[in-house]
Amino acid sequence: MLYVQGLSTHIGKIQILHSIDLHVHQGEIVSIIGANGAGKSTLLNTLAGLYFPSTGKVTLEGEVISGLPAHKVVRKGLSLVPEGRQIFSNLTVKENLLLGMYSRYYKEKNQAKDHIEMILDMFPSLKKHIDNLGGNLSGGEQQMLAIGRGLMSKPKIILLDEPSMGLAPKIVNEILEILMRIKKEMGTMIILVEQNVKAALKVADRVYVMEQGNIALHGTPEEISMNPQVKSAYLGIKMTS
Amino acid sequence: MKKAVKGRMLLALLIVFLFGIAGCGSQSTTQTDNKGKDQGKVVKIGVIVAETGPASTLGHAQANTVKLIQKELDQQGPINGTKIQLIMHDYETNDTKAVIAMDKLISEGVVAVVGATQTSTTMAILPKAVQANIPLMATAPVSTDKENVYMLAHSSSTIISQVVDYLVKHNIKKVAWLNARDAFGVIGLPAFKELAKQHDIEIVAHEEFDATASDMTVQLTNIRKKNPEAVIVWSRTPGAGIVARNFKSLGFTIPMFQSTAAANKGFIEQVQGNSDNIMVVGSKLSVVDQLPESDQKKRILAFRDAYVKEFGEEPDLFAAHAYDGIQLIIEAVKAGKTTAKDIQNFLKNELKEYPAISGTLDLTNPLKGAKADGLTLLRIENNQWKYNQ
Amino acid sequence: MANLLEVKQLTKKFGGITAVDRIDFSLEEGEVVAVIGPNGAGKTTLFNMISCFIPPTSGEVIYKGERLTGRKIFELAHLGISRTFQNLQIFNNMTVLENVMMGVHVKLKTNVFSAGFRLPTVKKNEEIAYQLALDVLEMVELKDFMYKKAGNLSYGLQKQLEFARAIVYHPQLILLDEPMAGLNDAETNRMAGYIKELKKKGCSFLFVEHKMATVMELADRIIVMDFGKKIAEGTPHEIARNEKVISAYLGEEAF
Amino acid sequence: MAKLDNVLYGHLWRPFASLMVIVLLLPLFVKSSYILTVLILIGIYSLISIGLSLLLGYAGQISLGHAAFFGIGAYVSGVLTAKYAGSPWIAMVIGIVFTWLVSYVIGMAILRLKGHFLALATMAINIIFFILILGLDEFTGGASGLVGIPSLSLFQLNLGNPLYFYFFVWFIVFVIILFSMNIIRSNIGRLLRSIHDSEIATETLGVNVAKYKVIIFSLSAVYASLAGSLYAHFISFIAPPSFYITFSILLLVMVMVGGVHSIWGAVLGTAIIMFLNEWIRYIGQTYFHISGQVEIVVYGLIIILVMMFMPKGLVDILERLWKKIKSVQIKGAEKRKMTTEKGA
Amino acid sequence: MDLVMQYLVTGLTVGSIYALMAIGFVTIYNITGILNFAQGEFAMIGALSCVSFVNLGLPMFAAIPAAIILTAIIGFAVERTVIFPVRNRSVITLIVITIGVSTFIKGLGLIIWGTSPRTLQPVMKMGPIQLLGAVINPQSLFIFLTVLLLLAVLYVFFDKTFIGSALRASEKNPRAASLMGINTSSMSALAFTLAAALGAIAGIMIAPLTDATYEMGFLIGLKGFVAMVIGGVNNISGAVVGGLLLGVIEAFSGGFISTFYSDAIAFGVLLLMLFFKPTGLFSKATGERV
C-alpha cells in the first residue's frame, strides 16, 4: 500500500502541488493523467525523493518515505522510471541493469545474474544488445531498458513517467503489455503517468486526473472516459461544436 | 541566524582591517617606545631577503644569519650605549613587496639596508636607497654607479675568473654555456664572454632553461652536438642539481662548472653519486676545515660554528654576504657612528678595507665587490665539499 | 497578403533519429499560427531551427524574401523577430523595468565610449527605452511591479514580463514557445488577450502550445506534428475534426 | 532625467564622494612613506581590479591573464622611456593603444571559451607573454629587469614625489571609476548584467553578445595597461616576475573578496588584500616571530572562507549592514520623535 | 638520428609526468565537473610526505603507500569541508576556491617542510640505460611503466568494476544515478580521494628526478591541465596521450627550434587546441567512455 496524504511541493517560490491525496493498493495499476504542467512529473519526483515536499506524508507499506533523499527512497522499495528514460548512455545495457540493483548489489551479488536473466526474459529485445552501449539503443529499447533497470531493485512499487513519449504506437502497446505482466507476475504496484490518455485508461485499475497541481477527478477508467470534461480538456474538442 | 553570523563575521573583519592599518602605521613608534625606555639609543638596520618564494633557496640562509646576529647582539648588550636592532623583511621573491618593505624600513628610520637576495630586486630597491641617502649593502651582484651602494657579493667576473683560471690552466678552449632563465642565471654570461675573449676561449653553445623546469636533457643534448670540452652552468638550485643529474645520466665525461649559487648543502644532496666531474665556484666557507691555518680561517670558522650551532646546518656564501653587510654597519656603530651619513663616511674614509667572510672588501671602491680571496673551486667527494688547491 | 515567413522542407536529424522531417508551411502577415502535437513530436526542434538556435540538417527558412537560416541569433531581433522561451529566460537579478528596457536594445545606438563619457545620446537613448518600456508595462499590467526584482515575481507575472520584453520594440513576428504553460485560467485568458490586441496592431505570431482551448481560440491556422512530420494543417475547425489528429493525440486505435 | 538614473541604479555620488573624502584626508594621517606606497599601489591595482570587475562581475567572463596586460603597459612605458628616452605620456598612450589591439584580437579568439577553459586560455596567454618579455631581452632587459625608468612629471610638477603621485594616481582611479560607472549606468551596463543572467535571452533581444564580451575584455585590458604604465614609473624598475600568473591570481582574489558585482567592491577588495598582506606580516613578525610562511596559509584560508560564506564579497555585507544601520536610525528617529511629542 | 631519439625519450619522460598529473585532473573533472587547481598540491604533499617518511626511517615500500594514503585522506577532507558545500556555485567561484585550497596547502607545505628542495632516492638504483643511441634514466622508465600500469588499473576500475560503473553513471546523469540508489555526493568524495592519491603517486614518481619543494605543484599542475585539454577532457587514455604529446612537443621544439621558447610553443599549441578543438584530440574517437 502506498498512501499519499496532503502532499504539497514548492519549486523555488512556486507551489506546484497543492495537498495531493492518493493511494495505490497492492497489485494495482494507477494512472495519472493531466495536461502539461499539471504537476504530474513533480508528483512522481516528489515521491521518489528528488524534491522534498513542503507538507504532507507518504507511507509505503507503513514506512514513512517522504523527506528521504532519492537514494534512500530506492532502498525502501520505490523505483522511478523518469521521463525521457534517462538511461546511462555511456554504460552498457548490462551495466545499466546492474546499477538498477545498486541498493542491494552487495547483499545479493550472487543473485545478480539470475535477476538480469529474469529481466531479459521480460524484455527479449534487450538480450541481443546486452553488451552494447545504452546510448546506441533505439527509443523503444531505451524505454524497455529504463523499465528493466527500474525493476532490478525489486521494488514494491514502480513509478513510470510518460513511458510512451515519442514512441510508435506498436511499441507503446508492447510496453503496456509488459506493464500488465509486471502486475501479474511480480505483483508490483504501478503508478503510470501518461499524456497518451487512451493508453493510460487502457491498463489502469484506477485513474486520477490532475489539474494545476490538484487532483481534479478520481475513478475507474470507465467513469473517467465517460466524463465530458475530460474529453474536452484532453482532446481539445468542444463537444458542442 | 545566518544573518547574525554574517554580521559578526563582518564586524570581526572590520576590526581586523582597522587593526591592520593601525598596526602597519604605528609599528615604528611602538617599538621605539619599548626599546627606548631601558636602553637609550637604538640603531636600526634593515634587511630585505627572500625567505620564501623561489629565491628562498638562497634567501633562507640569509634570514637565518640575521636571526643569528640579532641573538648575538642581544646577548652582547648595547655597544657604546647603543642598541642595534635588525629589522628583517621577507619579500617573498616579489619585487613589489621588496619596494614596499624598503619604504617601510626607511620610514622606520633605519641607518642602512642589507639586501636583497636577488640582483633584480636589489635594482628595484636601489633608487629608494639613493633617494633616502642611506647605504645599501647589496648581497647580490649589481651594476650601478650610485655611490651609496656597497656590493658585498662577488661580481660575476670575479666568480667566473675562478673558472677561467682553471680553463686556462688545463688548456680548455671550447666551452658550452647553460643558464637558468631568471635574474641570477642571466648575469653570468656577459662577464664570461669578456674574459673568454681575452683568453681565446670559444663559447660553442649557449642554452637556457626555465628556472622551475624539471628536465634539462634537451638543452644538454643540444650542447653535446657542439662537442664542447667543458660546460658552465649558471643557475640556482634545484635547477642546478637537476642539470647535474641529467649531465651524468647522459654520460658526459667533460668537466662541469657551477656557480656560487650551487655552493650549498642542497646541491650536494641533489647530486649524490652524480658528482664526478662537477666543480663549483664556492666560498672558502664551505671547506673551512680543510684550509691552512690563517686569520681568515679563524674568522670564517667562528661564523660557521656559530651558525651550525644555532641551526644545525651549514651556512653558504649568500649567508656570508648578509653577515658581512651587517657586520660592516656594526663596525661603524662600534666606532660611534650612528647616522647614515656618518656610517658612509666611516666606511669609505676610515675603514677603507675590511676582511670579510666572503673575501676582502675594498670600501674605497665599494662597487667592485668582494675580492676573489674568499673564493675557490670546489669538488665534491663523499658528499662533502673538497678543497681543490 | 504577402508571406512573412516561409519554411521550406526543414529537416533535422540527431544521430540516426529524424526529429523534424521535411516540414513546409508559411505564415502571412498579421496571421497567428499555432504548432501543436504530442510530446516529442519535434515542435521545439522546429521552433529552434526557425529562431536560428540550431542549424537545420537540410531545408531553409525565408523571412520577407530573405534567407533566415544560417544567421546569428542576435540578427533576428534586428529583422523584427523576437521570441520567448518554454522555460522562462528572464533576467532574475534585474528589475522588471530593466528587463523590459533590455528589449529596446535594437533601437538604441549607445556604444561603450559614448556611455563611458556620458554623451548626450546616452541620455536620449535611456529616455526612449524608458518610455517604450513604460508603455508596454502599462499594457501588460506590470507597472505596479516595475521596480521589483524580476526573480521575485510569481510565475505568471514572469511569463507576462517575458512577453512584454519580447514585444517592447514592436517586432513584426513573435515566436512564442508554450506561452500558456504553467498559467492558470485567468492568466491564460489575460495572455490571450494581449496576443489578440497585438494582432490587431498587425503583429504576426507563431506559437507552440499544448492547451487546446487556447489554440482553438487564438490561432488562424494550426499545424499538427507527429513523429517529426506535419500530419495536418488547417483552421481550428478543420483540425478538430481531423481523424489523424485525434488518433495522434489519443494514441493509435491499435489495441 | 537624472532622477531616472537614480531610480534605476541608486545614487552614484554618495559613495563616490565618500571615497574621495577618504582619499583626500588619508595623507593627513599617514606620515610614513611606507603607508603612502601601499596606498599608491592600492590605487594602481584598483585600476586593474575595476576592469576585472567589469569583466567578471558584469560580463561574467573570467581572466587569469590580466598580469600580461599590466605587463604590456609597464614594458611599453618602460622600454620607450628608459631605452629610447621617449615621452612618458606618449609612451603611456602607445601602451594603451597597443594593449587594446592585442587584447581585442586575443579576446575575439578566446572569449568563445567558457569557464575553466577560458581560465586556462588566459593563463596560457599570460605565460606566453612572460616568456616573451624574458626572451626579448634586447628590449626588455630580460630576466635582470629594466632599470632607470624615469618618474612622471606633469606641468613642472614632479610626480616622483610620492605624495603628488598619490594624488595623481587616485585622480586617475576616480576618472576610471566614473567612466566605468557611466558604462554600468547605461544600457550597456544593463546588457552586461543581462548576459550574466541569461546569455541566450540577451542574444535574442538583438545583442551581439560576443562583441560586447570582447569590448569589455579589451577595456579591462586597457585599464590594466594604464596601471602597468603607472606602476613602471612609480617603481622605476620592472622585472618579469611581477607580471606572472601569480599576480593575475592575486588580482582575481582581490576582486572576488571585495565583491565581484560592484566596482566599489573591486576597490575595497584591493585595499583589504593589500592591507591584509601587511597586517598578517606584522602580526606574524611581532607576536610569533615568523615571517612569510604564515602569510600564505592565512591568505589561502581567507580566500576559502570568503568564497564559502560570502560569495558576493565584502561589499555585499557592507551594503546590508548600511541598510540595517539606516533602518535602525530611522526607527530610532521615529522613537525620538514620538517621545518628544509625548513630552510636549 | 641519435638526437631525434634522445628528444623523443626526453619528451616521453617529461610527458609521462604530465600524463600522471592529467589523469588526476580528468578523474575529478569527469565526476564532479570541477577543474581542481589544487591537484598539483596533492603531488607536492605526496612527494614531500614520502621524503619525510623515508627520513623517519620507514623503508621505501612502506613510505610510498603511507604517503599516498595520507594524501588521499587530505583529498577526502578537502572535498568534504570545502568543495562539497559549494559544489553548485558558479564556475568562477569554484575556480577561485580551488585556488584558495591550493594556496592554503602550499602554505602548509612551506611551514612543514621549509623552502629547500628535498631529494627522494629513486626506487631502482641503477645506471642510465642506453637505447638506440639515446640515454634513458631508469626512473623515467619507471614513471612510464607506472603510467601504463595506472592506465590499466583505472581502466579495470572504471570499466570492469561495479563501483566504477556507478561512478561513470553519476558523472553522466547524477539525477538518474540517485534514482538507482547511488549516493552521488559520496561519489564526489570518492573522486577527490582517488584524484589526490593519483596526484600523490605523480609527486612521488617525479621527486627523484626533479626534487620536491613546496612550490612544485603549480607548474606541473598547470602542465597536467594542458595535457588534459590536449588529450580530451573526458577520457583518461586521451589525457595520457595528451601528456605524452605535450612532452614530445616540448622536447622537439626545444631541440629544433629553441629551448627558450619551448614552453611558449607548448602553450601556443594549447591555445590552438582550445580555438579549434576545445573538446580535445581524442574525445570523439573513444566516444563518451571515461
Side-chain angles (χ1 to χ4, degrees), chain B residues 50-61 63-64 90 92-93 178-179 181 205-225 236-242 245-252 264-274 311 313 316, chain E residues 2-7 9-11 13-15 17-18 106-107 110-111 114-122 125 127-130 134-140 206-216 218-220 222-223 247 250-256 258-264:
Chain B
E51 197 177 0
T52 55
S56 59
T57 47
L58 309 177
H60 176 68
N64 276 347
D90 172 18
E92 299 164 37
T93 322
L178 182 60
N179 67 261
R181 194 189 312 142
H206 169 213
E207 292 285 334
E208 301 197 350
F209 55 85
D210 189 274
T212 53
S214 51
D215 189 292
M216 290 75 169
T217 315
V218 171
Q219 286 85 346
L220 287 169
T221 311
N222 287 349
I223 283 174
R224 183 149 65 181
K225 275 191 288 197
R236 293 183 271 134
T237 52
I242 297 171
R245 278 202 298 237
N246 291 155
F247 184 74
K248 163 88 180 198
S249 65
L250 284 176
F252 277 93
N264 51 43
K265 198 77 190 159
F267 181 75
I268 289 195
E269 261 173 43
Q270 278 190 291
V271 298
Q272 280 177 37
N274 299 319
F311 304 108
E313 57 186 44
D316 60 17
Chain E
D2 288 3
L3 228 50
V4 174
M5 197 62 203
Q6 184 64 53
Y7 294 147
V9 166
T10 304
T13 308
V14 180
I17 297 176
Y18 301 157
K106 197 198 281 179
L110 174 62
I111 290 179
T115 58
S116 51
R118 306 291 178 109
T119 309
L120 191 64
Q121 289 307 309
K125 289 198 170 105
I129 304 158
Q130 296 278 340
V135 181
I136 305 174
N137 190 320
Q139 181 69 17
S140 315
I206 62 182
L209 284 180
T210 66
D211 298 314
T213 69
Y214 78 99
E215 291 185 305
M216 68 189 279
F218 182 72
L219 197 73
I220 57 166
L222 200 62
K223 290 285 177 69
E250 277 186 14
F252 277 89
S253 57
F256 292 114
S258 147
T259 46
F260 198 94
Y261 291 109
S262 64
D263 261 3

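In what follows, every chain begins at residue 1, and chains take the letters A, B, ... in the order their sequences are listed. Keep in mind the model is a prediction, meaning the values are calculated, not measured.
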- Out of curiosity, B:Thr52 OG1 to E:Glu215 CD, how far, rounded to the nearest 0.5 Å? 8.0 Å

- Task: Taking all heavy atoms of B:Gln270 and all of E:Thr119, pick out the closest pair and write down the distance.
- Result: CA-OG1, 3.8 Å

- Query: Hey, is E:Asp263 close enough to B:Arg181 for a salt bridge, meaning N to O under 4.0 Å?
  - Reply: no

- Look up atom CD1 in E:Ile17 and atom CG in B:Asp215, then write down how far apart they are to the nearest 0.5 Å. 7.0 Å

- Task: Pick one of side chain, backbone, both or neither for E:Tyr214, based on which atoms fall under 4.5 Å of a heavy atom in chain B.
- Result: side chain

- Options E:Val14, E:Ile136, E:Ile220, E:Leu209, ranked by heavy-atom pairs under 4.5 Å with chain B, top entry: E:Leu209

- Of the options B:Asn246, B:Val218, B:Leu220, which is the one that meets E:Thr10 in a side-chain contact (heavy atoms from CB on, under 4.5 Å)? B:Val218

- Task: Select one option (side chain, backbone, both, neither) describing which atoms of E:Glu250 are under 4.5 Å from chain B's heavy atoms.
- Result: neither

- Query: Is chain B contacted by the side chain of E:Pro138, its backbone, both, or neither, given a heavy-atom distance below 4.5 Å?
  - Reply: neither

- Between E:Thr213, E:Val9, E:Asp211, which residue shows the highest count of heavy-atom pairs closer than 4.5 Å to chain B? E:Asp211

- Max heavy-atom pair count under 4.5 Å with chain E, selected residue of B:Gln219, B:Arg224, B:His60: B:Gln219

- Over all heavy atoms of both residues, which pair between B:Asn222 and E:Gly254 is shortest? Give the atoms and the distance, please. ND2-O, 3.3 Å

- Query: What residue in B:Glu208, B:Lys248, B:Met216 has the most heavy-atom pairs under 4.5 Å with chain E?
  - Reply: B:Glu208

